[in-house]
Amino acid sequence: MTVTRSRSHTLAQFARRARMSAQRLRVLHGERRLPAPDGVDPDGADVWTTATIDRWLRATGRTVPDDAVWPFGWPDATEPAEVIWSGDIDLPRGHTAAVTIFDGAGQPVIYAVGYVGQDVSRDTIAAAAIARLDPDRRPGAVVAQPFLLDPRSGGPYPHLELWRMPEQPAPAPDHAPAALPAMLRRFLPQREPVAAMRQPVIGRQRRPDAPESAGSVFASEVARVLGRPVPLWWAGTTTPEVMRTVRLLDQPRPLPIPDTITEWPAAIARFIAALEHSVHITYPQAFALLARETRAVHRDVTTALTHPGTGDGWYLAAAPQPPTWPAVAEQRAAVAAGRDLDPEAAADELDQLAQVEAELPWRPGHPYGDALRQAILLLRGRLAATHPERAYTFCVTYSWPDAHGPIHDEYRRHLTRLTPADAHGDPERPTRRLVRLLTEEATDAAIAHHQMLDRARERLVDLYRDPQGRLVAHLTAGVSGIADHLLIEWPTSMPPAGWTAQTVIAADKTYSGTGLFAVTPGPDGTLLAPQPVPNPGDEPRYTFGYDGNSPAVLYQALVRCALGDWTAATHESWIQQLSTQTDDNRGRPHSQLWQQIVTSQGALRLSWADVQQWARDDQQALHRR
């Protein structure tokens with residue numbers, strides 16, 4: 001059995017491969033009874049790959065060519081394929097993968113699955129699996145890897161991704177120049193052939209000893225030629241222990257395992273911790289939102305994990321158990337979920353919860369701390385539209401990786417260094433608030449997996465508070481030619497009182513994201529402490545001096561601050577309507593504020609009074625349209 005390379009076929013070539021008349025195939029194409037085309041050729045005509053054609057021939061009961069790609073040209077198995085070898089193979093960086101090699105009618109068929117938590121590409125696994133075979137068994141061998149199933153999707157996806165080794169290696173192209181005709185050789189100087197001449201290589205090239213990708217195939221097709229169903233896996237269940245058990249039992253039905261892959265374990269742990277700490281009594285509004293979320297997670301996960309465990313040619317190797325409610329919790333959740341939200345009471349609870357949660361010691365995966373944090377996020381989400389002035393009292397971590405210049409120096413002059421006696425001043429015993437700052441608000445899973453807290457502590461120089469009590473971390477940049485790195489608790493509310501007609505919006509020259517501050521002279525002429533310019537209701541990502549997304553965020557922030565409007569310039573809508581050209585023939589209005597942002601080179605200095613006027617001009621211009 002040869003293994004043909006998958007290539008594209010026009011309709012006429014489709015007809016020849018299918019051994020049908022072109023006229024008949026055109027009729028089927030017009031009736032939309034052919035498979036969907038895989039693309040178009042340079043002339044815009046539909047084309048199909050070899051695999052698509054062969055799959056359609058097999059599915060419709062037509063004759064499949066002898067050189068059909070695997071597995072479409074293979075006959076049905078009359079008995080289960082023999083297992084030649086089963087075990088783990090070594091991968092780069094100390095990783096491993098589980099492999100089973102079947103004897104598919106004399107042709108090796110390799111089923112391979114990577115273990116959870118290993119960042120290894122599928123083509124790397126396929127190449128290592130092929131290398132497990134003896135050299136004389138490699139030509140024509142096939143590797144099948146299942147797509148991992150997502151519990152959040154609509155159900156199992158019974159497909160496997162294929163790799164295969166060509167029967168014969170592709171011949172090396174001959175790049176030697178053609179010999180000149182005898183007549184020309186008499187007149188042109190003789191040149192030595194250049195053996196090292198090569199055509200330019202564009203993109204990543206497949207090594208001659210590596211398998212080539214062959215697309216995907218239904219599990220039913222693989223099962224048909226192996227005479228046995230193939231296992232599929234939920235993402236997160238491919239642990240060595242579970243895979244070893246499934247391999248040894250070799251039973252075509254799901255192995256019951258605890259649920260460690262869905263949102264339910266974390267959601268119910270948060271809810272139980274909230275009950276144990278009397279959150280339902282102390283913070284009833286927050287508890288009601290937690291209850292609704294927990295019930296929604298229970299419903300969604302139940303739906304995901306009660307899908308069929310077997311199907312045409314496949315079975316789920318390991319099935320996490322559907323979620324169950326602990327005693328009392330379900331009733332408490334049902335009662336609390338029915339409570340109507342009181343916005344004023346919810347806003348008061350939000351202020352209290354934010355303070356309590358911030359000062360808790362950081363313990364990875366601590367259910368009570370996670371419950372308070374989730375309650376805070378839920379409260380903010382509910383209050384953002386109706387009570388933004390209460391919802392956006394929190395800060396976000398702003399990363400300033402290239403902190404330098406006179407505004408930076410002035411900002412640093414007003415910071416107060418923290419000592420370990422401060423509640424948030426000990427990075428070795430950090431609070432949840434401090435960890436959010438040092439890890440740029442990463443999740444517990446990301447912090448643990450990437451050792452983010454340890455890496456931040458290695459780079460940490462000092463911790464500070466600004467005059468408003470916000471935390472600031474000073475880190476070494478770790479990159480040559482780059483200035484210090486600051487992590488700043490940046491406000492998301494409206495500007496504070498105190499900005500005057502003499503206030504200047506200022507930023508230093510930058511090569512990346514920059515800190516944007518309001519600098520105001522005091523009554524005696526001395527500068528007050530620079531205050532971070534917020535982007536009310538959104539995150540700051542400030543750059544300037546060019547046209548792009550980040551300068552658009554700066555424009556949005558200044559317009560919202562100037563107008564006191566939380567929703568102004570949403571999603572760059574104002575910029576899309578305002579022209580940056582004064583001679584715009586289409587009649588669109590001109591924004592002087594936007595022009596100042598995109599044309600300012602070096603340091604940025606804008607009068608706050610001018611910014612307010614420009615924002616009002618833009619608002620009026622858009623209302624006149």
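- Looking at Glu410 and Arg413, a side-chain N of the basic residue comes within less than 4.0 Å of a carboxylate O on the acidic one, giving a salt bridge.
- The minimum heavy-atom distance between Ala423 and Thr431, with the atom names listed, is O-CG2, 3.2 Å.
- Side-chain contact check for Asp618 and Tyr555: at least one donor-acceptor pair (N or O, by modelled atom type) lies under 3.5 Å.
- At a threshold of 4.5 Å between non-hydrogen side-chain atoms, the residues Thr514 and Trp400 count as touching.
- Gln556 places no side-chain N or O within 3.5 Å of a backbone atom of Ala568 that could act as its donor or acceptor partner.
- A centroid separation of 6.0 Å or more is found between the aromatic rings of Trp499 and Phe517.
- Side chain of Arg541 to main chain of Val553: no donor-acceptor pair is present (N/O by atom type, distance under 3.5 Å, no hydrogens or angles).
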Please list every donor-acceptor pair under 3.5 Å in which a side-chain atom of residues 349-356 meets a protein atom from a residue at least two apart or in another chain.
from, atom 1, to, atom 2, distance (Å)
Glu349, OE1, Gln285, N, 3.2
Glu349, OE1, Ala286, N, 2.9
Glu349, OE2, Gln285, N, 3.0
Asp351, OD2, Arg390, NH2, 3.0
Gln352, NE2, Asp348, O, 3.4

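- Closest approach of Ala98 to Asp88, counting heavy atoms only: CA-OD1, 3.7 Å.
- The CG atom of Asp508 lies 9.5 Å from the CG atom of Asp402; values are rounded to the nearest 0.5 Å.
- Of all non-hydrogen atoms in Arg292 and Ala337, the two that sit nearest each other are NE-O, 3.0 Å.
- A 4.5 Å side-chain heavy-atom check between His485 and Ser399 finds at least one atom pair inside the cut-off.
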### Message
Please determine whether side-chain contact (heavy atoms from CB on, under 4.5 Å) holds for the pair Leu91 and Thr96, giving the CA-CA distance in whole Å, both sets of side-chain angles, and the decisive distance to 0.1 Å.
### Response
CA-CA 5 Å; Leu91 301 172; Thr96 55; 5.5 Å; no
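- The heavy-atom pair separating Asp426 from Leu434 by the smallest distance is O-CD2, 4.0 Å.
- Taking a 6.0 Å sphere around CZ of Arg93, one finds it holds more than 12 heavy atoms contributed by other residues, nucleotides or ligands.
- Checked by atom type and distance alone, the side chain of Thr526 never pairs as donor or acceptor with a backbone atom of Gly522 at under 3.5 Å.
- Inter-residue side-chain proximity for Ile597 and Ser600 is flagged as unmet; no heavy-atom pair is nearer than 4.5 Å.
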### Message
Using the rule given for side-chain contact (heavy atoms from CB on, under 4.5 Å), can you reason through Asp300 versus Trp264, listing the C-alpha separation, both sets of side-chain angles and the distance that settles it, and then say yes or no?
### Response
CA-CA 9 Å; Asp300 294 343; Trp264 176 248; over 6 Å; no
#### Entry: Asn535 and Arg560: CA distance, side-chain angles, deciding distance, side-chain contact (heavy atoms from CB on, under 4.5 Å) verdict
CA-CA 7 Å; Asn535 183 11; Arg560 290 182 174 181; 3.9 Å; yes
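- At least one side-chain heavy atom of Arg465 sits under 4.5 Å from a side-chain heavy atom of Leu418.
- Residue pairs that meet the ring-ring contact (aromatic ring centres under 6.0 Å, His included) test with at least one member in residues 369-397, sequence neighbours left out, are Tyr392-Phe394, Tyr392-Trp566.
- At a threshold of 4.5 Å between non-hydrogen side-chain atoms, the residues Ser591 and Trp614 do not count as touching.
- Here the side chains of Leu453 and Pro430 are in contact, with some heavy-atom distance below 4.5 Å.
- Applying salt bridge (Lys or Arg N to Asp or Glu O under 4.0 Å) to Arg433 and the options Glu359, Glu357, Glu489 leaves one that passes, Glu489.
- Residues Arg616 and Gln619 bring no donor and acceptor atom of their side chains to less than 3.5 Å of each other.
- With sequence neighbours left out, the salt bridge (charged side-chain N to carboxylate O under 4.0 Å, His left out) criterion links Asp617 to no other residue.
- Other residues, nucleotides and ligands contribute at most 12 non-hydrogen atoms within 6.0 Å of the CD atom of Glu539.
- Cation-pi geometry between Arg412 and Tyr464 is satisfied (NZ or CZ under 6.0 Å from the ring centre, within 45° of the ring normal).
- The minimum heavy-atom distance linking Arg122 with Pro146 is given by the pair NH2-O, 2.8 Å.
- With rounding to the nearest 0.5 angstrom, the CD atom of Glu330 is 6.5 Å from the NE2 atom of His298.
- Rounding to the nearest 0.5 angstrom, the gap separating the OH atom in Tyr411 from the CD atom in Gln531 is 11.0 Å.
- Rounding to the nearest 0.5 Å gives a distance of 10.0 Å between CZ of Arg339 and CG of Leu289.
- At most 12 heavy atoms of other shown residues, nucleotides or ligands fall within 6.0 angstrom of atom CG in Asp119.
- In this structure, Gln596 places its CD atom where more than 12 heavy-atom neighbours from other residues, nucleotides or ligands lie under 6.0 Å away.
- Without hydrogens or angle criteria, Arg270 side chain to Arg373 main chain gives no donor-acceptor distance under 3.5 Å.
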### Task
Give the C-alpha distance, both sets of side-chain angles, the deciding distance and a yes or no for side-chain contact (heavy atoms from CB on, under 4.5 Å) between Asp370 and Asp444.
CA-CA 10 Å; Asp370 291 346; Asp444 284 0; 3.8 Å; yes
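- Taking each heavy atom of Pro322 and Thr306 in turn, the nearest pair found is CG-CG2, 4.1 Å.
- Without hydrogens or angle criteria, Asp259 side chain to Ile261 main chain gives a donor-acceptor distance under 3.5 Å.
- For the atom pair Trp233 CH2 and Met243 CE, the distance stands at 4.5 Å (nearest 0.5 Å).
- The shortest side-chain heavy-atom distance between Trp325 and Ile268 falls under the 4.5 Å cut-off.
- Under a 3.5 Å cut-off, the side chain of Tyr283 and the backbone N or O of Ala375 do not form any donor-acceptor pair.
- The backbone N or O of Ala445 lies less than 3.5 Å from no partner atom in the side chain of His449, so there is not a single donor-acceptor pair.
- Atom CZ of residue Arg432 and atom CG of residue Leu360 lie 6.5 Å apart, to the nearest 0.5 angstrom.
- Looking at Trp362 and Ile447, their side chains come closer than 4.5 Å, going by heavy atoms from C-beta outward.
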